[in-house]
**Q** 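Supplied in structure tokens, the structure appears directly below.
We name chains A, B, ... by the order of the sequence lines, and we start the count at 1 in each one.
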Amino acid sequence: MSSFDENDAFESASLSARAMAARPMPYLDDLNPAQREAVERLDGPVLMLAGAGTGKTKALTTRIAHLLSTGRARPNEILAVTFTNKAAREMKERVGRLLGQPAEGMPWLGTFHSICVKLLRRHAELAGLKSNFTILDTDDQLRLLKQLVQAANIDDKRWPARMLAGIIDDWKNRALTPDKVPAADAGAYNNKGVDLYAQYQTRLRELNAVDFGDLLLHMVTIFRTHPDVLEQYQRWFRYILVDEYQDTNIAQYLWLRLLAGGHKNICCVGDDDQSIYGWRGAEVGNILRFEKDFPGAHVVRLEQNYRSTPHILAAASNVIRGNESRLGKELWTDKPEGEKVRLIGHWDAEEEARWICEEIDAMRSGTRGMRPFELNEIAIMVRATHQMKVLEDRFLKIGMPYRVIGGVPFYRRLEIRDAIAYFRVVVSPDNDLAFERIVNTPKRSLGEKAQQTIQRTARDHGVSLLQGARIAAEQGLIKGKGGAALRELVDGLARWNAMTRGPRIEIDDDSVIDNGAEPARYGDPEVSHIELAQIILDESGYTESYLKPLSDEELKLDPSPPRRPRDHEAAGRLENLKELVNHLGEFENLQGFLEHVSLVMDNEQDNDEPKVSIMTLHAAKGLEFPAVFLPGWEDGLFPSQRSMDETGLKGLEEERRLAYVGITRAEEVCTISFASNRLIFSGDFKGWQSMLPSRFIDELPEDHVEVLTPPGLYGGGHSAPGIETHAAQANVYNSPGWKRMQARQGQYGMSQPRESRNTVIDATAVASFALGERVFHQKFGYGEVIAIEGDKVEVAFEKAGTKKVVARFLSAKDDVPF
DNA sequence: GCACATCGGTGGCGC
DNA sequence: ACCGATGTGC
């Protein structure tokens, strides 16, 4: 211990002497007092509590620049961890800008996973792996687990492999190796979870592979069992910085705590109010506990917000105030008031979508008493992906350009994954999982039986699947068409593999290491990896499989015609493949590319035409837009019922943080909306369900909210009867919040419908319906009550058929509103 | 082995 | 409603 301190003292003395002579630090003048403190307090544990839009990245990057320019650390002695590659890229770029030079020399600025890959490749043997291990993605992982589940004779119906994958991920997130799984979890997956977990780990080791969870888990295990290795890194990483600390899971937390264990120069940046990944293993407790974990920790609060107007901040603050477990923070801004948060209710999601589109059009032309907005300044954020469909339908219908942020990522698409599997087999011929994927893709008449033969041959000879396939093909174990196709595939793979290296140049006897991990030892390839990729895809017949086979007649007419894609979808897939090949240019070789795709999960952005962005609230984190729409604020959808059922108050609090994230994305205008009716699918109940406005709406502070008047229900103007119907219907909401809203409506000149007192059936009035009574429903018309269950009534409607509806939306036939 | 029908399950999504 | 996994008939 003491030798550490001496060492540190010596180093910092000499370095700060160097720093004294160094230039002034103009970047510090750019900071507010809190940010400045977060930057200048370099030693010891620091928790930077950074609210939304408070200049967190600025503080973090300036801190790195400060560490460097004061000479406290060299670039490669700083460990800076983020969650996403995007965040890592942004940080690199900003540090570079601050320093006035590219931050190339920061090899340890990256995601948890990419840094762990680097470390694990260095120490692979300590985890029973070779340094060229492959990283399995979720699909590979699932396929492997399925095999194990089947081998264990478990009914995959009752005990889906997916479930097992989830359980294992959870254990890995908690840094539990199979032998450490607590007794309380022994019953998992029909009592076989732990055993299968152990088998899975063994299998991974045999395959020289790891999954994402292993990257952290292996490193934590290595650090724990090899103090010498740990000490080496504790000394090397003089300063540690962590972004989005509220999103760390237990394994990441342990990893950090181990590394910071020596000098404790760790600066964690985060916002407990934006912890929204609990379902993925994130422990908001990590950030809440920081001061206990690191005694003497200094906490800096960044509370000045540079993004949103006071109304928006007030709304967000009031909502998040409902959470119990918080470190507590109050955002403020010196921006002018601006618009109040706008609130509006609709009949159903379709009308909600229609209204949003109309509103966007109005905002675009500046007819809302606000400045005109560009489409790319506007975003719609939903709780669940299925909410996107109705929005997209509407956008397509009226031809408004939009983009979905965070859709199916490019490389997760079928054709991309297939192509990548080809590359993997070519680069690592013993990658069995990738081989399995491509052996009969495209179809080579190598079905279940043929593949079993290959598996058996490989096992009998103790070799990889590809080797086994070669042997099986040579020995004629696979007959007919399949056999010929297999031989062709095996030959092709060997040929392409040779091309990854080009002509071999002997430097001297022991510098030629043929482990595939040292391509630099070899001479220039004859073909670039880009050309090679094209060759692989073409010669394997893969691209061909998306081309339309010509009929015999067409062949007669023209023996060498240009092939056309089979259909619209195939055309898209070919486009994607082309894009993939182009994308390869950014990498030095196929290996580099494959490493990248293992770790990268960003979606490509397309062209530059201004578009409205649609995304989930999760995808919205870290983004900001001048105008934000937040539709679907209904209890059950948001907050999500499932989330609340599963984790109770904890779940509700996470939902509330999601609401907070949503509101704080908005810079100028934030519009929240809800629908009264929604089509739902749950269990045996499919159909329309009446929805109550989200409880979060009740938590909006009334002084900062403006209730908008919905347009006519049936497309009419402001005097159409529909509007009254709608308002009357909206009136039934019983929450205090809604009552406040309602009161305010009067204030804004929209009188309460005269009939409302008569037409609206209060929730307490359910009992007043009798079997056989004739009733009216605003959407379904007249009908007769045929059953009553609690607050739901089954009605045989004259036109709409039999439906279960919530009693509140029915009126006795005498009270019809118009 | 492949094309089509049926069944079940269904949240958010990073590396 | 819709996707993916499985089952069925050719």
Side-chain angles (χ1 to χ4, degrees), chain A residues 81-88 110-117 135-139 141-143 146 156-158 160-163 166 169 172-173 210-217 243-244 247-249 251-252 275-282 349 381-390 393 405-409 411-412 414 440 442-451 480-482 485 595-603 615-622 632 636-647 651 654-655 657-658 661-662 678-684 686-687:
Chain A
V81 224
T82 64
F83 272 84
T84 62
N85 286 296
K86 196 173 149 220
T111 63
F112 276 101
H113 292 86
S114 66
I115 288 169
C116 280
V117 172
I135 303 161
L136 304 192
D137 62 25
T138 331
D139 282 30
Q141 186 189 9
L142 204 59
R143 231 150 9 111
K146 260 186 193 153
D156 167 83
K157 282 261 171 61
R158 279 186 58 200
R162 265 193 106 78
M163 181 194 263
D169 275 347
K172 289 188 175 177
N173 285 339
V210 299
D211 63 21
F212 283 118
D214 281 338
L215 294 173
L216 262 299
L217 180 61
D243 194 13
E244 306 280 15
D247 289 337
T248 50
N249 61 34
Q252 288 156 341
S275 163
I276 55 174
Y277 286 106
W279 50 274
R280 213 163 63 188
M381 300 170 187
V382 297
R383 174 64 183 84
T385 42
H386 63 76
Q387 290 174 260
M388 290 183 184
K389 191 182 172 295
V390 62
D393 287 348
I405 306 235
V408 180
Y411 67 89
R412 298 254 340 177
L414 179 81
N440 198 30
K443 301 276 177 251
R444 293 192 177 87
S445 306
L446 295 166
E448 185 80 6
K449 264 197 85 187
Q451 293 191 36
K481 221 169 110 186
E595 184 99 304
H596 172 81
V597 296
S598 300
L599 296 168
V600 166
M601 194 85 179
D602 292 320
N603 15 301
M615 67 198 80
T616 61
L617 285 165
H618 283 91
K621 194 166 141 204
L637 178 65
F638 187 43
S640 135
Q641 192 58 50
R642 193 161 163 180
S643 175
M644 293 187 291
D645 288 349
E646 278 170 16
T647 46
E654 183 152 317
E655 296 286 312
R657 292 193 288 266
L658 218 35
V661 166
R678 202 164 277 276
L679 205 49
I680 60 146
F681 319 91
S682 72
D684 51 298
K686 293 175 188 167

**Q** Taking the six-membered ring for Trp, does A:Trp279 stack with B:dG12 (centroid gap under 5.5 Å, planes within less than 30°)?
**A**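 Stacking is present between B:dG12 and A:Trp279, given that their ring centres fall under 5.5 Å apart and the planes under 30°.
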**Q** Distance check needed: B:dG12 C1' versus A:Glu654 CD, whole Å only.
**A**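 From A:Glu654 CD to B:dG12 C1': 9 Å.
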**Q** Which residue lies toward the 5' end of DNA chain B, A:Ser114 or A:Ser640, if each is placed at its nearest nucleotide?
**A**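 It is A:Ser640 whose nearest nucleotide is closer to the 5' end.
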**Q** Could you state the CE-P distance from A:Met644 to B:dG12, rounded to the nearest angstrom?
**A**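 Taking atom P of B:dG12 as the reference, CE of A:Met644 is at 16 Å.
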**Q** Could you tell me how far apart A:Met388 (CE) and B:dC13 (C1') are, to the nearest whole angstrom?
**A**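 Rounded to whole Å, this separation is 11 Å.
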**Q** What nucleotide, of B:dC13, B:dC2, B:dG11, holds the atom closest to the side chain of A:Arg280?
**A**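 Of the candidates, B:dC13 comes closest.
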**Q** Looking at A:Ala161 and A:Lys146, what are the two nearest heavy atoms and their distance?
**A**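 Where A:Ala161 meets A:Lys146 most closely, the heavy atoms are CB-CG, 3.6 Å.
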**Q** Measure CG/A:Leu637 against P/B:dG11 and give the value in whole Å, please.
**A**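 In whole Å, B:dG11 P lies 11 Å from A:Leu637 CG.
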**Q** In whole Å, what is the span from the CG atom of A:Asp247 to the C1' atom of B:dG14?
**A**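 The distance from CG of A:Asp247 to C1' of B:dG14 comes to 9 Å, rounded to the nearest Å.
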**Q** Please tell me which of A:Leu446 and A:Glu646 maps to the more 5' nucleotide of DNA chain B, matching each residue to the nucleotide holding its nearest heavy atom.
**A**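 Whichever sits nearer the 5' end wins; that is A:Leu446.
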**Q** Check whether any side-chain heavy atom of A:Asp247 lies under 4.5 Å from a side-chain heavy atom of A:Lys621, and answer yes or no.
**A**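 A side-chain contact exists here, since the closest heavy-atom pair is under 4.5 Å.
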**Q** Okay, side chain of A:Asp214, backbone of A:Leu217: is any donor-acceptor separation there less than 3.5 Å?
**A**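 Between the backbone of A:Leu217 and the side chain of A:Asp214 there is no qualifying donor-acceptor contact (under 3.5 Å).
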**Q** With respect to the side chain of A:Lys389, which nucleotide from C:dC2, B:dC13, B:dG11 is positioned closest?
**A**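 Closest nucleotide to the A:Lys389 side chain: C:dC2.
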**Q** If you count the non-hydrogen atoms of other residues, nucleotides and ligands that lie under 6.0 Å from CZ in A:Arg162, is the total more than 12?
**A**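 Not buried by this count: 12 neighbours or fewer within 6.0 Å.
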**Q** Expressed in angstrom and rounded to an integer, what is the separation of A:Asn173 atom CG from B:dC13 atom P?
**A**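 It is 17 Å, rounded to the nearest whole Å.
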**Q** A:His386 has an atom NE2; how far is it from atom P of C:dC2, in whole Å?
**A**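 Going from A:His386 (NE2) to C:dC2 (P), I get 13 Å.
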**Q** Can you tell which of B:dC13, B:dC2, B:dG11 lies closest to the side chain of A:Asn440?
**A**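 My answer, after comparing the listed nucleotides, is B:dC2.
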**Q** Can you tell which of B:dC2, B:dG11, B:dG14 lies closest to the side chain of A:Arg642?
**A**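 Looking only at side-chain atoms, A:Arg642 lies closest to B:dG11.
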**Q** Expressed as a whole number of angstroms, how long is the span from A:Leu658:CG to B:dC13:P?
**A**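 Atom-to-atom, A:Leu658 to B:dC13, this comes out as 10 Å.
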**Q** For a quick check of understanding: with a heavy-atom distance under 4.0 Å over all strands, which category does A:Phe83 fall into, base, sugar-phosphate or nothing?
**A**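 Here A:Phe83 touches the backbone only, sparing every base.
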**Q** Would you indicate what A:Gln387 reaches in the nucleic acid, counting non-hydrogen atoms under 4.0 angstrom: base, sugar-phosphate, or nothing?
**A**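 Touches nothing.
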**Q** Under 4.0 Å between a side-chain N or O of A:Thr616 and OP1 or OP2 of B:dC13?
**A**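 Yes.
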**Q** Do A:Asn173 and A:Arg280 come within less than 4.5 Å of each other through their side chains, counting heavy atoms only?
**A**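 With C-beta onward as the side chain, the pair stays apart.
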**Q** Starting the side chain at C-beta, find the nucleotide from B:dG11, B:dG14, B:dC2 nearest to A:Thr84.
**A**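 Out of B:dG11, B:dG14, B:dC2, the nucleotide with an atom closest to A:Thr84's side chain is B:dG14.
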